[in-house]
A.B. asks: 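Take a look at the following structure, please.
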Amino acid sequence: MKRLVVVGNPENRRVTLLQAALARQALAPATVVSYEDLLTGKHSLAEVCAPETVVRIESPGENAEVERRLATRGLAECDAAVARSVRLADDGLVMLEHGEILPGALWYAGYRQLLAELQAQAAITGGIRWMSDPEEILRMFDKRTCNPLLAEQGIATTQVLGIVMDYESLVALLEATGGHRVFLKPPHSSSASGVVALQRSPTRVLAWSPLEVQRSDGRVRLFNSLRMRQISSERELAEIVDALAVGGLVVERWMPKAAWQGRTTDVRIVVIDGEPRHTVLRMSRHPMTNLHLGSQRGDVQKWIAELPDGAWQEALATCRRVAAAFPQALYFGVDLAFAPGYRRQAVIEVNAFGDLLPGVVDQGHDTYEAEIVALRRQGFL
Amino acid sequence: MGFYEHFSNFAGKEVRDFQAGETIDPQQYVYRIRVDYDSEIEGVDLLQELLSAPEVEQLTGLIIGAWASEMAGDPPDAVNEALVAAADRLPQLKALFLGEMTEEENEVSWIVQTDVSPILAAFPRLEELWIRGSQGLSLGSAPAHGNLRKLVIECGGLPRNVVQELGRSQLPQIEHLELYLGTDEYGWDGEVGDLAPILSGKLFPQLKYLGLRDSSIADDVATAVAAAPIVERLETLDLSLGTLGDAGAEALLASSRLLKLKRLDLHHNYISPPLAGKLEALPIEVDTSERLEEDVYGGTAYRYCAISE
């Protein structure tokens with residue numbers, strides 16, 4: 001039967017927005033299977049799937065219990081340094097305080113396991129259709145697999161200088177490569193969580209990151225913050241990088257972004273069924289443009305109209321090439337930036353769950369409805 | 001806040017980033033030397049190529065932007081030396097900007113400058129000089145130039161030596177003097193008294209615009225300026241982007257000299273609404289926009305300059 005099942009956190013607005021879009025399309029609500037139930041074994045995907053069921057994997061984010069369970073599953077697969085960096089609570093799950101940044105490797109390993117289980121459960125039923133294939137989701141989330149796939153399609157990405165395990169190896173890498181301005185990013189994350197923008201000379205450091213540091217029982221713990229903070233003490237920076245780099249930290253060259261109306265800008269473009277659609281212009285006064293960090297949304301149409309000839313067409317062509325790199329994903333977000341002068345552009349991130357752009361409408365539909373329309377066009381709903 | 005956007009126009013013309021291999025059109029454009037972040041070429045090589053174009057003799061304006069692919073304390077010596085050596089190839093050059101970089105290319109307080117007096121000497125017909133960044137900056141011990149009409153120094157903190165050098169300068173044609181004084185965190189190590197020669201009115205007989213902007217001691221600066229003879233000659237007094245509060249506002253309100261101004265720019269300030277209202281009511285154009293509140297941490301109130309936030 002042609003119907004939709006969504007794997008997600010039921011309380012999350014992503015699920016609410018999807019159900020609202022289905023209602024607008026006069027379709028039955030999707031059956032929601034919660035991550036928590038799947039992780040505890042209370043439910044299986046096989047219970048709710050039949051041949052021709054379409055399954056949508058939604059973001060597991062913004063739910064602490066789900067994050068703890070994913071991280072706990074990841075423990076067995078991760079190396080000792082990662083395991084040592086976390087504590088277990090009385091319930092046997094990884095301890096997680098509100099906003100705390102756990103090693104991304106832990107989450108990713110747990111999530112990979114869970115998605116493999118979902119694939120196995122779906123296989124029992126057979127004949128189901130993924131909106132975005134779990135394998136594609138995993139490939140997008142890991143910068144180490146995502147960037148080479150993009151490069152194969154001739155897509156410019158921000159250049160990766162290497163992966164470091166602590167501050168000392170970061171310094172060595174910067175000195176070996178002549179890097180002075182870099183972004184440090186957890187290998188598998190989205191949003192700006194655990195991301196550091198760093199400017200370094202032999203005598204000075206200056207870093208920006210939306211995080212807070214807490215020190216307790218000899219441990220340095222990091223927490224997400226909605227405020228960007230500057231770090232100018234090398235000792236503090238080293239402490240933060242040492243904590244962040246457990247499990248590896250990707251070092252990318254910092255591509256200066258073009259500014260518009262006095263703010264640093266980049267765009268989030270949601271690609272649906274191979275076509276670039278909903279676009280948000282993000283404008284910031286610090287090195288990170290993520291909207292939850294106080295960036296503003298700009299007037300996309302006005303911005304596009306002021307771009308040099310051909311620049312926007314090239315960005316759209318880039319998005320189509322990204323779609324070619326991930327043919328089994330119906331939708332995803334592409335973060336793309338232009339360098340000053342607009343002659344160069346680079347894909348900064350491909351986000352499997354990058355379609356949460358409430359209120360942004362293209363051709364009369366929000367992202368969720370546009371995705372459903374695409375499914376209907378393909379005859380899957 | 002900082003400098004986010006590159007100039008799209010400079011000295012009356014549209015700005016173009018100079019590209020290796022392109023034919024230049026100085027009638028139409030002012031050119032910028034700027035190296036992309038992943039470029040192999042150095043700014044000085046790009047500049048040399050520009051300077052070797054026959055049309056460069058018609059060039060009226062030039063911007064030096066990021067001169068290395070990743071700026072981090074690289075001094076501009078090679079670029080400045082190339083400019084000086086090629087001065088006779090640039091007979092029409094009227095406007096020059098040294099160090100036009102955005103926050104995304106280099107933090108303003110990290111921009112390294114040098115002694116620009118060789119440039120002043122090599123370009124006697126220069127009318128406009130803009131400098132961004134102040135580390136290592138000097139104008140020469142007693143800068144002298146017979147044609148310079150506009151001097152702008154944008155930075156996070158202006159070193160005292162530059163203020164003192166200006167106090168010994170002979171720049172009789174200056175109409176527009178714009179200084180970002182900044183904070184001690186980023187290089188400001190002067191005091192308000194250092195401004196006295198500038199404020200005396202003797203140095204710059206043609207001055208119409210005086211900008212003492214982005215100052216962490218804006219109240220002291222405003223108090224000194226309010227009593228300074230030079231104000232009577234100005235059309236615009238610009239004390240914007242700094243920490244100006246009620247003390248400075250009261251000094252400005254008490255000065256009758258101010259009424260000869262056309263424009264008083266105080267935007268980005270900590271002035272209370274009643275005093276801002278009084279300033280706005282003056283019979284001259286007054287901008288008191290971007291009124292900020294002090295941040296209070298642990299009983300101490302903090303004010304921030306625009307460039308240091």
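Order of the sequence lines sets the chain letters (A, B, ...), proteins ahead of strands, with each chain counted from 1.
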A.B. asks: Does the cation-pi check pass for B/R16 over B/Y29, that is, NZ or CZ under 6.0 Å from the six-membered ring centre and within 45° of its axis?
C.D. replies: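 Yes, a cation-pi geometry.
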A.B. asks: Taking the ring of B/Y302 and the ring of B/Y270, is the distance between their centroids below 6.0 Å?
C.D. replies: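 No, they do not, as the ring centres are separated by 6.0 Å or more.
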A.B. asks: Under 4.5 Å, counting heavy-atom pairs only, tell me which of A/H286, A/R344, A/Q159 racks up the most with chain B.
C.D. replies: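 Heavy-atom pairs under 4.5 Å are most numerous for A/R344.
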A.B. asks: With chain B as the partner, which of A/P202, A/G341, A/P340, A/A258 has the greatest number of non-hydrogen pairs under 4.5 Å?
C.D. replies: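 Of the options given, most contacts go to A/P340.
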A.B. asks: Closer than 4.0 angstrom, basic N to acidic O: yes or no for B/R213 and B/D238?
C.D. replies: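 Here B/R213 pairs with B/D238 in a salt bridge, since their nearest N and O are under 4.0 Å apart.
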A.B. asks: If I measure from the heavy atoms of chain A, does B/D36 come under 4.5 Å with its side chain, its backbone, both, or neither?
C.D. replies: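 Contact with chain A is through the side chain of B/D36 alone.
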A.B. asks: Between B/S109 and chain A, which part of the residue has a heavy atom less than 4.5 Å away: side chain, backbone, both or neither?
C.D. replies: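 When you check distances to chain A, atoms from both the backbone and side chain of B/S109 fall under 4.5 Å.
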A.B. asks: Mind ranking A/G179, A/S232, A/A197, A/G178 by heavy-atom pairs under 4.5 Å with chain B and telling me who comes out on top?
C.D. replies: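 Going by pairs under 4.5 Å, I would pick A/G179.
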A.B. asks: Output the option from A/R204, A/R343, A/R263, A/M255 having the highest count of non-hydrogen pairs under 4.5 Å with chain B.
C.D. replies: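 Ranked by heavy-atom pairs under 4.5 Å with chain B, first place is A/R204.
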A.B. asks: When you check the gap from the basic side-chain N to the acidic O, do B/E178 and B/K150 get nearer than 4.0 Å?
C.D. replies: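 No, B/E178 and B/K150 are not salt-bridged.
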A.B. asks: Centroid separation under 6.0 Å, is that true for the rings of A/F183 and A/W208?
C.D. replies: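 No, the ring of A/W208 stays outside the 6.0 Å limit from the ring of A/F183, centre to centre.
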A.B. asks: Side chains of B/E105 and B/H6 only: does a donor on one sit below 3.5 Å from an acceptor on the other?
C.D. replies: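 Side-chain D/A pair, B/E105 to B/H6: present.
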A.B. asks: Under a 4.5 Å heavy-atom cut-off, does chain A meet the side chain of B/R34, its backbone, both or neither?
C.D. replies: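 The side chain, not the backbone.
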